[in-house]
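In what follows, a single structure is set out as C-alpha cells and then discussed.
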Amino acid sequence: MGFAGIVVNNESQAMDRIFTYKIPEKMNISVGSRVKVPFGASNKRLDGFVVEMIPEAEVKGIKDISSVFPGTLFDSWTVEVVEEMRKRYLCTYLEGIRLFIPVGTLKGAGFKTEEKLYPNLVLSGKLNKEPYASIADLIGKNPGKFIRADISRMGFSPSSLNTLIRHGVIEVSSVRSSRHDIRDYENYEAPRLNQEQLIASDTIMKKPGTYLVHGITGSGKTEVFMDVIKRMLKEGKDSIVLVPEISLTPQMIERFKGRFGKDISIFHSRLSEGERFDEWHRVKNGEVKIAVGARSALFLPFRDLGLIVVDEEHESSYKSEMNPKYSAVEMAEFMMDRKGGRLVLASATPSINSYHRAVTGEIGLITLDKRATKGSLPEMTAVDMREELRAGNRSMFSRVLRGEIEKALDSKEQVILFLNRRGFSTFVSCRSCGHVFNCPNCSVSLTYHTSRDLSCHHCGYRQVLPETCPACSSRYIKQFGTGTEKVEEMVRKEFPGARVVRMDRDTAKNKSDYEDMYNSFKNREGDILIGTQMITKGLDFKNVTLVGIIAADLSLNLPDFRAGERTFQLITQVAGRAGRHDKPGKVIIQSYTPEDPSIVNAKEHDYKGFYRREISAREMMYNPPFSRIMSIVQSSVDEALLIKNIQTVGAELRKFLFGYDKIIMLGPSPCLISKIKQNHRWQVLLKGELDPDIARRIKDLVLEKSVRDVRTSIDLDPTSML
DNA sequence: AGCACGCCGACT
DNA sequence: GTCGGCGTGCTC
Ligand SMILES: [Zn+2]
Ligand SMILES: [Zn+2]
C-alpha cells in the first residue's frame, strides 16, 4: 500500500532527514499523520510525522510503520512552509514541524475530559435506601451534570457512589469539556474611518500583496486593519494578526473580542497548554476565522488564510531567538505570496529594511500622517548632560527635566521616566584595588540590586555584596552605572511627595503583575512611572503629559550597526506615550551626545530624514539590507577544545569562501560575552551575498569540521550582532 | 542524539 | 579469561 516519508522525533542535526517507511495493509496514513516507527538497531519506537506519500520506494532495509494516531496535524502546505524555513534559516524539519502542531502534542496533551455521572439502572433491592436513594435521585434529575468530586462536595461519601457505579445504577462517561473563553464582551463599535484610513483600507483590498502602513502614533492604523479583516471576513477569508506579546493587554483583547466576538481567537501567554490545544483545534475545525497572537500564532492551521497583519512590524521579537530562528515578517510574506493573500506590516517607526523595500517599490507603501485620536505631536527637547556636569549638576536629572517633573506634579499630571536598563548599577568595583565583581559563570560584571544583592542577568547567579573587598579587604566598594532601581531611589529622594511605580523585569515578573501595575498607574494611583523597554508599547495613559528619557545614548553605544535604528525607534515609541487630546505632551531626551543624528531625527519627528541617512550608511558599510549576515557561534565548556575547533572551522571556511568576493568573513574571535553559564563562546561572522544554497553549504561544512563536544548555533540576519 | 559494536587495560 | 572504558559509525 505504498510508502511514507517520515521525519522522526529526534533532536539531532544528523537525524534531519526524511526516512522511508512502508505503510502496512489497511493502515490509514496521509501527510500530517503522527505515527510510531521502529528506529535504529534496537528498533526503539519513536514518534514520527508523515511529510510525504511515496508510491514506490527502492531504499533498502525499509521497516513498517508500527501505528498511527487518528487525524492529521498538518497538510502538504505546511510541509512546503517547513521546507522553506529549513532552507532560509538552516533549521531541521522537526524544528519547523513543531511550530505547526499544538504544544505538548508529544508529551501527550489532549482534550480535557471530565468523568460525568449518568443514571443507568433503576435503584432496587437492598440498595434502595439512604444514602444511595438520594445520590441516585440527584444524578437521575441532573444527568451528566456532576462529576465524582461534586457528589462528595455535597456531603456524600465517595464509597457510596462507587457502590452505585459498581452495581450499574450510575454510569460514568467521559465528556470532552471546552476550555475556551466564552465570556461576553462589550460590543466595540467600529468608528467611522477618516478619509486617509478609508483610502488605506481600499488600497489593501484592491489587490493581494505586501503593504507597509507607516502611521504615526494616534493615526488609527489599528482601525485600518480591523476594517480590512472585516472585509476579508465578508469574502470568507481567514486572518491572522501578530502583535508583540507585551501589547496583548486586557484592553487590546477586549477591543478585538468586542469587535469580532465569536469569530476570533486570542493567543496570549496566559493561556495554559490545554487552552492553547483547544484553541488550535477550534482554528483547525474552522470555528474561528481570526486569530490574534504573538509570533507563533502565524502557524495556526487556518484553511483559507487571506490576510496576515504584523503590528509594530519593526519589533525585534518577530525574529525568533530559538530554532528555527525565523523572521515572522519574512515567513508571513512567503505564506501570503504563495496563497495569493495580503500582508500588512504596520508601524510608526518601520524597520529600515521594510521601509527600503517600500520606497524601492518592492512592496506597497501607505502613509497615515493625520492624528485620528490624539492631539498634536509631543514637543521634544534634547538636553546635553555634559553641560549639566559643567554647570555642577551631578544628578541624573537635568535641570530642565527636574523643572518639568515638578510642574507636572503640581498640575496633577503623570510622568513617565524611561531607562533601558534594569537593576541599580551595572558594575561594582573596589576603589582601592580595582577588583570588579564578575559572574563566576559568565564573562559579565554583576548588576547591583537594592537589598545588597548582586545578580547576573545572563545566568541568574546571585550573591550578597560583601562589606569588604574579597581581594584587598578594603571597605571602599563603589557602584557605577545606572539602572531603573537607582532612578527610583533618586526620584523618591528628589520628589518625596510623588507616588512612584517601577516597571521592569524585576517588579513585573509575570503578566498579572504587569497588568496590576498598568491598571494602578492608569487609575492615577501613581504619579511617576519608571520603566524599561517594557513601558514603550501597548500602554495608553490618558493623563501622561511628560516623558523623560534618562539616557538616550544607552542603546546608541552598542557595537551593532542597528544601534542608530534602535535608538530612533525607542525614543519615538516612548515619546508616543506623551500627550492627551486637549494637551500636547512634552518629551525630554537626556544624552551625552544630543548631536547624534538618530537622536536629532527622533527629536524632530523626522522619520524620512532618519531613513535617508541610515540607508546611505548601510549601503556604504555594506550592511543589511544591502547584504545578509550569518552569525556562527560555537560554544563549549572546554575552552581549549573550542578554540582549536573554531580555528580549524575558520580555516576551512576561508578556503571554501576563496573566490566568493561578495562574502566577507570576520573572525573567529571570542564573542562579546565570551562566556555564558560556564560555556565559552567564539564566533565567526559572515557578511555578503549569502543565498540559501551557500548558507546551507557553509552550515554543512561547519558541522562536518566540528567535534561532538562543541555546540554550533547559526543565525541568519540576527537582530543583534552580540 | 542514542545506541550497538569493537578493541584494549585491569580485575575476581 | 571477562568486565567495562569510550572512540566510531549508523539510523528508512
Ligand atoms: Zn579591593
Ligand atoms: Zn552569569
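Given the structure is predicted, the values throughout are model-derived calculations rather than measurements. We name chains A, B, ... by the order of the sequence lines, and we start the count at 1 in each one. Any value given below was found using the heavy atoms of this structure, including those in side chains, with hydrogens, waters and symmetry copies removed.
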Contacts of S265(A) that satisfy side chain to side chain donor-acceptor pair (under 3.5 Å) - sequence neighbours left out: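 With neighbours one apart ignored, the set is E279(A).
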I need the [atom1]-[atom2] distance between [X] and [N], as an integer number of Å.
X: E95(A); N: dA1(B); atom1: CD; atom2: P; result: 12 Å
X: M15(A); N: dG2(B); atom1: CE; atom2: C1'; result: 9 Å
X: N43(A); N: dC10(C); atom1: CG; atom2: C1'; result: 13 Å
X: D16(A); N: dT11(C); atom1: CG; atom2: C1'; result: 14 Å
X: E11(A); N: dA1(B); atom1: CD; atom2: C1'; result: 9 Å
X: F19(A); N: dC12(C); atom1: CZ; atom2: C1'; result: 6 Å
X: D47(A); N: dT11(C); atom1: CG; atom2: P; result: 21 Å
X: R17(A); N: dC10(C); atom1: CZ; atom2: C1'; result: 8 Å

Distance flag, aromatic centroids of Y326(A) and F334(A), threshold under 6.0 Å: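 No; Y326(A) has its ring centre 6.0 Å or more from that of F334(A).
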Return the polar atom pairs (N/O with N/O) between nucleotides 3-5 of chain B and the protein under 3.5 Å, or none.
unit_1, atom_1, unit_2, atom_2, d
dC3(B), OP1, K44(A), NZ, 3.4

Pair up each side-chain donor or acceptor in residues 303-311 of chain A with any protein partner under 3.5 Å, not counting sequence neighbours, and list the distances.
unit_1, atom_1, unit_2, atom_2, d
R303(A), NE, K284(A), O, 3.2
R303(A), NH2, K284(A), O, 2.9
D304(A), OD1, K237(A), NZ, 3.4

So which pairs with a foot in residues 14-72 of chain A pass ring pair (Phe, Tyr, Trp, His ring centres under 6.0 Å), sequence neighbours left out? F19(A)-F39(A)
Quick one: label Y21(A) by what it contacts on the DNA or RNA (base, sugar-phosphate, nothing), any heavy atom closer than 4.0 Å. sugar-phosphate
Could you name each residue pair satisfying salt bridge (Lys or Arg N to Asp or Glu O under 4.0 Å) that touches residues 696-710 of chain A, not counting sequence neighbours?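 Qualifying pairs: D693(A)-R697(A).
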Considering only distance and modelled atom types, tabulate donor-acceptor pairs under 3.5 Å from the side chains of residues 647-660 of chain A, sequence neighbours left out.
unit_1, atom_1, unit_2, atom_2, d
T648(A), OG1, K644(A), O, 2.8
R654(A), NH2, G667(A), O, 3.1

